[in-house]
Amino acid sequence: MFCNTSKEIGGLGHGLKRKEDARFIQGKGHYVDDIKLPGMLYMDIVRSPYAYAKILNIDASKALEIPGVLAVITGRDLEKYNLHWMPTLMSDTQMVLPTDTVMYYAQEVCAVIATERYIAADGVAAVEVEYEPMKPIVDAHKALDPGMPILRPDKGKTDNHIWHWEAGDREATDKLFANAEVVVKEQVYIPRIHVASIETCGCVADFDPIEAHLTMYMTTQAPHAIRTVIALVAGHVGLSEEKVRVIASDIGGGFGGKVPVYPGYVIAIAASVLIGKPVKWIEDRMENLQADSFARDYDMTCELAATKDGKIQGLRIKTLADHGYTDAAANPSKYPAGMFSICTGSYDYGVAFTEMDAVYTNKPPGGVAYRCSFRVTEAVHAIERMVDRLALEIGKDSAQLRMENFIKKEQFPYHSPLGWEYDSGDYGPALQKAMDIIGYDELRKEQAEKRKNGELMGIGICSFTEVVGAGPSKDFDILGIKMFDSAEIRVHPTGKAIARFGTKSQGQGHETTYAQIIAQELGIPAEHIHIEEGDTDTAPYGLGTYASRSTPTAGAAAAVAARKLRDKARKIAAYLLEVSEEDLEWEVGKFFVKGAPEKSKTIQELVFAAYTNHPQGMEAGFEATHYYDPPNLTFPFGSYICVVDIDKETGSIKIRRFVAIDDCGTIINPMIVEGQIHGGLTQGLAPAMFEELIYDEDGNMLNGSFMDYLVPTSVESPKWETGHTITPCPHHPIGAKGVGESPTVGAPPAIANAIIDALSHLGVTHIDIPITPLKVWNILVEKGVI
Ligand code: MCN
C-alpha cells in the first residue's frame, strides 16, 4: 500500500519499534515523582472515614508538634485566600477542602506539609478530626426520594437531580413500540469502576515568589487546558496565565483519570504559594483507588423493537446515572452525555429515543471518561446485549441477525436516528473475518453437541461502532475553548526536525507515530524527527489526549503542517532546478523534474536551501504550525467474537478464544495499534468479569485496595487474536480514525454475551457485569444444575 521508500524512512503502515521504549525498558522514564527540587516540601492528606458527616473540629496541635511538620492546611485556611472552591474542566465543581461537611468516603479534609514524605504521613496520623456522622445517600434510586438530604445546595439545587438529557424522537419511538411485533426488554446495570493506572496522580507545585511564576509538574492528559484552569485558581493569588507553566513528563497510564483537576493539585499550589517553596504531592495506591477517577454506575432500561423475522426497527433506553458528589462531566450538552447516543450501534433502523437523568449521591465524584469516550462503553453494551437478547427471543443466530441489520456500505455517510453522521463503515466484512478466523459455524455445532451432554459453552459477539475524536469545534468545547488540536514542525538546516504537539501521550506511543506521519508527508526519516509534548511553554495550545482524539486531531494537524512545508519545499525546488512548480513531481523524500528524474533535490537539500539559498522574497526557515479542527468525529468499528467454557460444578469461566477485528481506517503503525488493542481488550475484560466498586449502606468502600478490587493481569487474560479491515476515514488527511478505546468498548459485551449464551438454554436472558464465578454458580444452583 505504501512504497518501499516509505518503509525506509519509517512512514505510514510500518511497525516501527517505539522510539520511547528505549528509556522505558531501561527504567529511564522521567515521571513526576522523579522530580526533586532544592528545598522541596512534601504534602500528605487527611481523608474522611465517613461518607457524609459534619466536621465539628480539626485539631492539628499534635501534628504541628512533630519536628519537620510545617503546616496543616484546612478548608478555612483556603477560604481566606478564596482558594477553597475547585476550578473545573467541566461545569460541575466541589470544595478543595470542605469547610464544614464531608460529602464522600476518603474526601480530602486537610493537608499536612512537612520536610519529608514520611514526616507528612506521621502528621496526617496525628491530626484529630471530630465528626458528626450523618446518613448518606448511596443508592441512586433513592436520591430523589422526598426527605433525602439535598447534597448540593451550594449549586442552588432543591433536589439531588443533576441534569436530564435526551435524544431522538420520543413520540415516534413510543408509537413504534406500541405496535411492534416483538419487543425485548432488559435492565442493564454497568457498575462504578476505577481507572487504576499504574502511576497514581501527583504533582510538584513550584511557586517562585520573586518572579511570581508557578511551574506545575503534574500527571495530566491535557496540559494546556489544565494550565488555563489553574490560571483561574492562581488568579485569586495574583497569578495570570503567562506566569503559569504546566509540564507533564512521562505518564504511567491515564485512561481518562488524569483529565480532571483533583483537590490535591490545588492544595499543593496553595501550599507552595503560601509557603514559597516547591511542594510535592503523590497519592498512594489506596488514596488513588478510593478517591479519584471513577466512571459509570449507570442503570439502563433497554428495549429493542423488531419484526418477528428479526428486522430491528427501534431502540428505547432510559438511564439513571449515579455521578456521586460531583459530576466530573456534568455538561449535559451534546458532549459528553451525547456520546451515549452512539447506542443505536452498527444497525440500520428508523427510530430511537434515549433519555438520561444524573443524580448526586455520597459517593466520590464520578462521571470520569474511562478510556475515555464518555458513555460509549455503556451505550455499546446496551445495544450489543439487546441484539443478543432479540436473537434469543426470535430463535435466530446472533451473527446472522447482525449481518441482516448492519448499515450497508453504500449507506455511508449514514445519519443515525440520534443525530450522528457516521463517516464511513463496512461492517459485514469485519464480522465475517472474525467468524472465519474463529470457525464460527463449527463452534455452533460443537455447542449444540456439548449441550446434549450438559456441558456449558457459549459464543458471544459484539459488532460495535465507536465515536472518537473530541472535535469538531462547532460541537465540542472545554470551558468555551474549542476542541481543535495542534502541531508545530521545525526542521533544522541539517534536515533533522523537532515537532511539538498540544496532546500528551500516557503510553500510546505518540513519539513514534507522529514522527511516522511527518516522515510520510515530508520524506524525513522518522528517526530524525524528535517529538515533544506536555510543556505549555513550548508546545502549541491543544486540548490533550483522551477520547482517542490524538490521531483524529493532532495526527491530522501533523499531516497538514507537513504538507505546508512540502509546498514550501516545492517552491524552493522549482527555484533551484529552474523549472516551474507544475513541472515537479514528489516522491517520498525528493522533488524531481517530470520526465527527467536525474534532475532532483532531496528534502534535506531543500531544507538547507531554506536557510541558505531561498528565493528572493521568500521567508527564511523551515517551520510550520497547524491548528486542526476536524469536520466530524471519526467512527472506528469492529467485530469481536468470544468463546467461553463454564465449569458446571464451580461456575468458573474460561475464555477459550477471543478474536478481535478492528477497523481504524489507515493504520499508522500496526505494531502500536496491536499493542493498543491488546491493552484495551484486557481493560475490557476487567469490567466484564472482575472490576466493580462496592459501597456499603454507610457509603464505605468495601473493596478499597487491590487485594479485593480485582484488576486483571496477563495471567487472567486469554491469548487475544487480533486482525483488521481498513476503511479509511474520508475526512481525515491520511484516512485514519482513533483506535485507543475501541477494544475497551467492544470487549465487555462480547464476553458477557458469550457467558449468557452458555446459560441461555437454561432460561437466562441477562446477567449484569462483572460476571463472576459466584454469580454463575448462584444461577446454576437456582436452575437446578448444581
Ligand atoms: N494509531 C495508529 N493508527 C491509527 C490510529 C491510532 O497507529 N489508525 C496509533 C496512534 O498514533 C497512537 C495510538 O495508536 O500512537 C493511539 O492513538 P489514538 O487512537 O489516536 O488515541 P490517543 O493517542 O488519543 O490515546 C487515547 C486513548 C484513550 S482515550 C485512552 S483512555 C487510552 C488509550 O488511548 N489510555 C491509554 N490508550 C492508552 N494506552 C496506554 N498505554 N496508556 C493509557 O493511559
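Given the structure is predicted, the values throughout are model-derived calculations rather than measurements. Order of appearance sets the numbers: ligands from 1, and atoms from 1 within every ligand.
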Side chain, backbone, both or neither: which part of Tyr546 has a heavy atom under 4.0 Å from ligand 1?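 The answer is the backbone of Tyr546.
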Using side-chain heavy atoms (C-beta onward) and a distance below 4.5 Å, is Ile247 in contact with Met216? no
Evaluate the side-chain proximity of Leu431 to Phe406: yes if any heavy-atom separation is below 4.5 Å, no if none is.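 They are in side-chain contact.
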Close N or O approach ([X], ligand 1; < 3.5 Å):
X	result
Ile672	no
Ile667	no
Gly256	no
Gly738	no
Ala547	no
Ala736	no
His510	yes

Step by step, work out the side-chain contact (heavy atoms from CB on, under 4.5 Å) result for Lys496 and Ile524. CA-CA 7 Å; Lys496 314 287 192 301; Ile524 295 173; over 6 Å; no
Short N-O contact, Arg500 and Asp535, less than 4.0 angstrom: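 Looking at Asp535 together with Arg500, the answer is no, because their closest N to O distance does not fall below 4.0 Å.
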What atoms of ligand 1 come closer than 4.0 angstrom to any heavy atom of [X]?
X	result
Val673	1 (N), 2 (C), 3 (N), 7 (O)
Thr513	7 (O), 10 (C), 11 (O), 12 (C), 15 (O)
Gly254	43 (C), 44 (O)
Lys737	4 (C), 5 (C), 8 (N)
Gly253	44 (O)

Tell me yes or no: between the side chains of [X] and [Y], is some donor less than 3.5 Å from an acceptor?
X	Y	value
Glu741	Thr744	no
Tyr298	His323	yes
His732	Lys737	no

Look at ligand 1 and say whether Gly665 reaches it with a heavy atom at a distance under 4.0 Å. no
Counting only heavy atoms, tell me which of [options] gets closest to [atom].
atom	options	result
atom 39 (N) of ligand 1	Met671, Gln676, Glu741	Gln676
atom 15 (O) of ligand 1	Gln508, Glu466, His724	Gln508
atom 8 (N) of ligand 1	Thr512, Thr666, Ile668	Thr666

Does the side-chain contact (heavy atoms from CB on, under 4.5 Å) test come out yes or no for Asn288 and Arg285, once each step is laid out? CA-CA 5 Å; Asn288 181 257; Arg285 172 55 61 196; 3.7 Å; yes
Relative to Phe294, does Arg296 satisfy both conditions: NZ or CZ under 6.0 angstrom from the six-membered ring centre, and within 45 degrees of the ring's axis?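 Negative - Arg296 is either too far from the ring of Phe294 or too far off its axis.
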Checking Arg375 against Phe340: charged group under 6.0 Å from the ring centre and within 45 degrees of the axis?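 No, Arg375 does not lie over the aromatic ring of Phe340.
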Tyr628 vs Phe484, test: ring pair (Phe, Tyr, Trp, His ring centres under 6.0 Å). Steps then yes/no. CA-CA 5 Å; Tyr628 186 81; Phe484 52 81; over 10 Å; no
